[in-house]
Amino acid sequence: FPSHDTGEGVGLEAILLLLRLETEEMVGLVVERISGFRNDGCVNLSANQIQELENETVTLCQEMIRIPSVNYGEGKGNEREIAEYVSAKLSEVGIKSELIETDKNRCNVVAKIPGTDPTLPGLIVHGHIDVVPVNEKDWSVDPFGGEIKDGFIWGRGAVDMKDMDAMILATVRMWQRIGYRPKRNILLVFFGDEEAGSTYGSRWLVKNRPEIFDGYNEAVSEVGGFSLTITGGHRLYLVEAAQKGIQWIKLSGTGTAGHGSFINPDNSVTKVAQAVSRIGSYEWPQVETKTGAKFFKKVAELVGEKYDSKNVKPLLKHLGGASKMIGATIQNTANPTMLSAGYKENVIPQTASAVIDGRFLPGFEDELHQTIKRLAGDEIQLEMLVRDKALEVDFAGPLVEQMTNSILAEDPDGIVVPYLMSGGTDNKALSDLGIKGFGFSPLRLPADLDFFALFHGVDERVPVDGI
């Protein structure tokens with residue numbers, strides 16, 4: 001590839017280079033840390049082709065945002081239109097795909113790109129095509145307009161995650177146009193229902209169609225690979241290597257019903273309210289994880305502060321807006337999110353309930369549950385509504401090396417580090433099949449952009465130059 005401005009197109013080119021490096025013979029291949037790609041004969045794009053690739057990525061992202069594939073939860077969603085769009089874009093360049101409907105209008109798209117050496121374990125590149133709902137009156141633009149304004153593509157899904165979906169599509173479409181074949185088999189999967197537990201998406205496919213994933217041992221997807229500028233102007237690129245687990249717990253209390261004017265020491269509302277207060281105000285101890293230690297040690301080194309494994313909170317101030325999310329990954333958390341009681345102002349109800357959103361670090365699930373049980377007290381019953389595991393993989397090996405190289409080829413000043421995210425992705429479902437997954441949807445972001453706030457946020461947008 002000819003060299004080009006390192007400030008533009010980092011995401012797309014890093015994805016393309018990762019796939020090339022991951023699928024080519026690596027003996028003797030060293031990525032030159034220059035402003036662009038070396039022309040080593042593996043994939044030889046002209047300057048015009050690179051421009052075409054970047055322009056198509058932007059267009060694809062806009063077009064997908066304009067398809068409102070909203071997932072309302074509780075089984076209420078519709079990915080059919082966008083799944084058909086993805087399938088058509090693949091078909092246009094000769095890539096066959098399978099549209100898999102797991103329930104009415106709940107759709108996933110799967111496509112295989114054969115490599116030149118099928119004996120090698122394959123790589124899964126996956127995204128999700130559903131988005132969370134919006135309250136349109138809160139937005140300054142049409143949330144499904146895909147508008148370009150102030151150097152950003154605006155709309156629901158611009159960040160989560162139609163930007164990466166567009167990067168994936170544009171990359172493989174270019175491969176087809178120039179007749180390029182990777183060395184490893186590549187499995188493209190565009191999942192539905194990621195935003196509501198993946199029941200009709202990755203979890204359904206893993207359970208009912210596991211043969212799709214036979215021969216693939218690694219995966220890359222969302223919520224990682226983007227830049228975070230910290231104190232001192234150091235530009236970190238965060239690759240997701242761990243995820244917190246989930247316990248959504250219902251608290252129920254029973255008491256004596258009665259008139260609201262009476263003294264009632266056996267009030268169900270009071271019991272639940274006190275339990276909620278104890279849980280919500282509890283100070284969880286900090287816990288060191290393998291991924292967290294690597295991240296905070298690097299931050300401490302760069303800002304010239306001491307790393308204390310028992311207290312990394314002083315380092316959070318160097319992370320800007322990212323501190324809210326990353327701060328939630330140094331400990332277990334339990335947030336009260338729902339309360340339900342009563343049916344009339346002057347009636348003390350017999351029952352009351354609340355819901356706790358509990359998130360646990362890898363290896364610390366029992367600590368979360370036992371602590372919530374103790375804080376709730378003997379008069380409160382606990383019911384597990386949703387439970388999902390935590391994940392943590394070693395940040396090492398050829399795939400990590402190639403993710404790092406692909407970033408450095410585009411941004412030689414970048415510093416690639418693993419991080420632990422507070423939420424979860426479809427990599428959890430794939431892990432049930434022994435597939436090792438990372439979050440890698442690379443973007444070079446403006447230093448002052450609070451990127452984490454844009455996930456599921458109002459006026460969601462992604463920089464054009466970033467993708």
Please round to the nearest 0.5 Å and tell me the distance separating atom [atom1] of [X] and atom [atom2] of [Y].
X	Y	atom1	atom2	answer
Lys149	Ser140	NZ	OG	4.0 Å
Phe360	Asp366	CZ	CG	9.0 Å
Arg173	Leu90	CZ	CG	8.0 Å
Cys61	Met161	SG	CE	11.0 Å
Leu187	Leu430	CG	CG	9.0 Å
Met174	Thr171	CE	OG1	9.0 Å

Next item on the list: Please step through salt bridge (charged side-chain N to carboxylate O under 4.0 Å, His left out) for the pair Lys389 and Asp432, ending with a clear verdict.
Entry: CA-CA 10 Å; Lys389 62 186 173 184; Asp432 290 343; 2.4 Å; yes

Could you tell me whether [X] atom [atom1] has more than 12 heavy atoms of other residues or ligands within 6.0 Å of it?
X	atom1	value
Lys317	NZ	yes
Lys294	NZ	yes
Met384	CE	yes

ring-ring contact (aromatic ring centres under 6.0 Å, His included) pairs, two or more places apart, involving [range]:
range	value
residues 442-467	Phe226-Phe451, Phe226-Phe452, Phe451-Phe455
residues 276-320	Tyr282-Trp284
residues 125-144	His126-Phe191

With the side chain counted from C-beta on, respond yes when [X] and [Y] share a heavy-atom pair under 4.5 Å apart, and no when they do not.
X	Y	result
Val172	Gln176	no
Leu236	Tyr419	no
Ile153	Val464	yes
Ile113	Pro182	yes
Leu339	Val276	yes
Pro446	Pro463	yes
Arg359	Ile246	yes
Leu420	Lys244	yes

Would you find a donor on one side and an acceptor on the other, under 3.5 Å apart, between the side chain of [X] and the backbone of [Y]?
X	Y	answer
Glu460	Arg156	no
Glu79	Cys107	yes
Arg278	Leu375	yes
Arg235	Asp413	no
Asn185	Gly122	no
Gln49	Ser46	yes
Lys310	Glu288	no
Glu240	Ala242	yes
Ser441	Gly224	yes
Arg387	Gln247	no

Can you confirm whether the side chains of [X] and [Y] place a donor and an acceptor under 3.5 Å from each other?
X	Y	answer
Thr425	Glu222	no
Ser69	Lys162	yes
Gln51	Asn55	yes
Asn332	Glu367	yes

Work out which heavy atom in [X] is nearest to a heavy atom in [Y]; give both atom names and the distance.
X	Y	value
Leu361	Ala390	C-CB, 4.2 Å
Asp160	Val131	O-CG1, 4.0 Å
Ser198	Asp426	OG-OD1, 2.8 Å
Asp459	Arg461	O-NH1, 2.7 Å
Tyr216	Ile124	CB-CG1, 3.6 Å
Val134	Pro143	CG2-CG, 3.8 Å

Note to self: Checking Glu136 now: which residues fulfil side chain to side chain donor-acceptor pair (under 3.5 Å) with it, not counting sequence neighbours?
What the structure shows: none

Notebook entry, point to check: Considering residues at least two apart in sequence or located in another chain, which fulfil the side chain to side chain donor-acceptor pair (under 3.5 Å) criterion with Asp142?
Noted result: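 For Asp142 there are no side chain to side chain donor-acceptor pair (under 3.5 Å) partners, ignoring immediate neighbours.
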
Check: When you check the gap from the basic side-chain N to the acidic O, do Arg177 and Glu56 get nearer than 4.0 Å?
Finding: yes

Item checked: Trace of the side-chain contact (heavy atoms from CB on, under 4.5 Å) decision for Val206 with Phe213 -> CA-CA 8 Å; Val206 165; Phe213 308 99; 4.3 Å; yes

Check: When you look at Met64 and Ile129, which way does the side-chain contact (heavy atoms from CB on, under 4.5 Å) test go after all the steps?
Finding: CA-CA 9 Å; Met64 284 191 283; Ile129 50 178; 5.5 Å; no

Show me the side-chain donor-acceptor pairs of residues 320-330 shorter than 3.5 Å, one per line, residues at least two apart or across chains.
| residue | atom | partner | partner atom | Å |
| --- | --- | --- | --- | --- |
| Ser323 | OG | Gly320 | O | 2.9 |
| Thr329 | OG1 | Ile326 | O | 2.6 |

Margin query: I'd like to know whether Glu63 forms a salt bridge (charged side-chain N to carboxylate O under 4.0 Å, His left out) with Arg66, so could you lay out the CA-CA distance, the side-chain angles of the two residues, the decisive distance to 0.1 Å, and finally the verdict.
Written below: CA-CA 5 Å; Glu63 290 178 352; Arg66 291 170 186 152; 5.6 Å; no

Item checked: Stepwise side-chain contact (heavy atoms from CB on, under 4.5 Å) check, Met403 with Val416 -> CA-CA 9 Å; Met403 287 189 288; Val416 180; 5.9 Å; no

Note to self: Arg203 vs Asp388, test: salt bridge (charged side-chain N to carboxylate O under 4.0 Å, His left out). Steps then yes/no.
What the structure shows: CA-CA 12 Å; Arg203 296 192 186 281; Asp388 200 2; 2.5 Å; yes

Checklist line | Intermediate values then yes/no, side-chain contact (heavy atoms from CB on, under 4.5 Å), Val417 and Leu238 | finding: CA-CA 5 Å; Val417 294; Leu238 279 56; 4.2 Å; yes

